[in-house]
Peer 1: 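Supplied in structure tokens, the structure appears directly below.
All figures in this text were calculated on a predicted structure; none of them were measured in a lab.
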Amino acid sequence: MASKDRILRLKEETKMKILEAAYKIVKEEGWQALSMRKIADEIEYTAPIIYEYFSNKEAILAELNKKGFYYLAKEMEDARDKHENPAGQLEAMWMAYWNFAFKKKELYQLMFGVSMNCCTGQKSPESEAPANIVRDVIRRLMDGKEVSETEVCRKYFTFWSVIHGLISINLVNRGESDEINKLVLKDAIDGIIRSITR
């Protein structure tokens, strides 16, 4: 039994090495440079070994995409948990979203197709997790009001459209200074929260 566990652990470690190598290549050279051959060279394996773990480059991208949404949801949950009231939670979560986009720029580009052609666009529990976290807090902020799921969805997409738009502008180097961007972001978040609570 111990050897079976060791084999499974080694397989998982190899899979993680492949993903880490892929992300390293992307950070250094961009998404267009990613190939199975480069990943194999990076971890000093042969290309056929890589294919034992991932059928193609798209499978690697899908796994990185999934991990990106997992990390984003975790950062947003951590930010939410530092505040008691829903308005403070929403602001903290969207600031965490903003920070994630620039701290993990390459993952964000993959997750949302910013300045690149990839992104499967398929819904998954991981890709829906950040939105579900925000929608739960929006419902709590609207507590006491009769509100439909359509209204909750509308408020979420209002938030996301503004924040994702501002991030996208900055990722393609068309934005203002970081100080101005954060002021615009804060104004947008505060304005949307006021529209929910009035």
Peer 1: How far apart are the closest heavy atoms of Ala21 and Ile43, and which atoms are they?
Peer 2: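 Distance-wise, the nearest heavy atoms are CB-CG2, 3.5 Å.
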
Peer 1: With sequence neighbours excluded, tell me which residues meet side chain to side chain donor-acceptor pair (under 3.5 Å) with Lys67.
Peer 2: none

Peer 1: Measure the CG-CD distance between Leu64 and Glu20 for me, rounded to the nearest 0.5 Å.
Peer 2: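 That separation rounds to 10.0 Å.
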
Peer 1: Only pairs under 3.5 Å count here: list side-chain donor-acceptor contacts from residues 79-95, not counting sequence neighbours, and write none if there are none.
Peer 2:
from: Asn85; atom 1: OD1; to: Gly88; atom 2: N; distance (Å): 3.1
from: Gln89; atom 1: OE1; to: Arg140; atom 2: NH1; distance (Å): 3.4
from: Gln89; atom 1: OE1; to: Arg140; atom 2: NH2; distance (Å): 2.5
from: Gln89; atom 1: NE2; to: His83; atom 2: O; distance (Å): 3.0
from: Glu91; atom 1: OE1; to: Lys186; atom 2: NZ; distance (Å): 3.2
from: Glu91; atom 1: OE2; to: Lys186; atom 2: NZ; distance (Å): 3.0

Peer 1: Kindly compute the distance separating CG (Asn56) from CD1 (Ile50), expressed to the nearest 0.5 Å.
Peer 2: 13.0 Å

Peer 1: What's the spacing between Met142 CE and Ser148 OG if we round to 0.5 Å?
Peer 2: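 Going from CE on Met142 over to OG on Ser148, the span is 8.0 Å.
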
Peer 1: Rounded to the nearest 0.5 Å, how far does CH2 of Trp31 lie from CG of Leu61?
Peer 2: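 Output value for this atom pair is 5.5 Å.
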
Peer 1: Mind checking what makes side chain to side chain donor-acceptor pair (under 3.5 Å) contact with Asp78, not counting sequence neighbours?
Peer 2: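 Result, side chain to side chain donor-acceptor pair (under 3.5 Å) vs Asp78: Lys74.
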
Peer 1: Who pairs with Tyr51 by ring-ring contact (aromatic ring centres under 6.0 Å, His included), at least two apart in sequence or on another chain?
Peer 2: none

Peer 1: Identify which one of Phe159, Tyr108, Tyr97 satisfies the ring-ring contact (aromatic ring centres under 6.0 Å, His included) criterion when paired with His164.
Peer 2: Tyr108

Peer 1: Scan for ring pair (Phe, Tyr, Trp, His ring centres under 6.0 Å) pairs involving residues 58-79, sequence neighbours excluded, and state none if there are none.
Peer 2: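 Sorted result for residues 58-79: Phe69-Phe112.
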
Peer 1: Please enumerate all residues that pass side-chain contact (heavy atoms from CB on, under 4.5 Å) together with Glu75, with sequence neighbours excluded.
Peer 2: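 Testing Glu75 for side-chain contact (heavy atoms from CB on, under 4.5 Å), a comparison that skips the adjacent residues, returns Lys103.
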
Peer 1: State which residues pass side-chain contact (heavy atoms from CB on, under 4.5 Å) with Ala188; sequence neighbours excluded, sorted by chain then number.
Peer 2: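 side-chain contact (heavy atoms from CB on, under 4.5 Å) check on Ala188 returns Val162.
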
Peer 1: Side-chain donor-acceptor contacts of residues 7-18 below 3.5 Å, not counting sequence neighbours, with atom names and distances?
Peer 2:
from: Thr14; atom 1: OG1; to: Leu10; atom 2: O; distance (Å): 2.9

Peer 1: Look up atom NZ in Lys105 and atom CG in Leu107, then write down how far apart they are to the nearest 0.5 Å.
Peer 2: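 Going from NZ on Lys105 over to CG on Leu107, the span is 12.0 Å.
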
Peer 1: Using side-chain contact (heavy atoms from CB on, under 4.5 Å) as the criterion, list what pairs up with Phe157, not counting sequence neighbours.
Peer 2: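 Testing Phe157 for side-chain contact (heavy atoms from CB on, under 4.5 Å), a comparison that skips the adjacent residues, returns Arg135, Cys153, Trp160.
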
Peer 1: Should Phe102 and Ile189 be regarded as members of a common hydrophobic cluster, given that ILVMFWY residues are connected when their side-chain heavy atoms come within less than 4.5 Å of each other, either directly or indirectly?
Peer 2: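 Same hydrophobic cluster.
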
Peer 1: Please report the shortest heavy-atom distance between Met76 and Pro130, naming the atom on each side.
Peer 2: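 That closest heavy-atom pairing would be SD-CB, 3.7 Å.
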
Peer 1: Taking only residues two or more places apart in sequence, or in another chain, which ones meet Glu149 in a salt bridge (charged side-chain N to carboxylate O under 4.0 Å, His left out)?
Peer 2: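 If we apply the salt bridge (charged side-chain N to carboxylate O under 4.0 Å, His left out) test to Glu149, skipping adjacent residues, the hits are Arg139.
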
Peer 1: Please list, chain by chain and in numerical order, all residues satisfying side-chain contact (heavy atoms from CB on, under 4.5 Å) with Ser195, sequence neighbours excluded.
Peer 2: Lys155, Ile192, Arg198

Peer 1: If you measure from CD1 on Ile60 to CG on Leu34, what distance do you get to the nearest 0.5 Å?
Peer 2: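 Those atoms lie 6.5 Å apart.
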
Peer 1: Measure across Phe100 and Gly68 and return the closest heavy-atom pair with its distance rounded to 0.1 Å.
Peer 2: CZ-O, 3.6 Å

Peer 1: If we check salt bridge (Lys or Arg N to Asp or Glu O under 4.0 Å) with Lys24, which of these qualifies: Glu106, Glu42, Glu29?
Peer 2: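 Among the candidates, only Glu42 passes.
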
Peer 1: Listed by chain and number, what are the ring-ring contact (aromatic ring centres under 6.0 Å, His included) partners of Phe54, not counting sequence neighbours?
Peer 2: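 Checked Phe54 against ring-ring contact (aromatic ring centres under 6.0 Å, His included); zero matches.
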
Peer 1: Take Leu19 and Tyr53, measure what side-chain contact (heavy atoms from CB on, under 4.5 Å) needs, and give me the verdict at the end.
Peer 2: CA-CA 10 Å; Leu19 293 172; Tyr53 293 88; over 6 Å; no

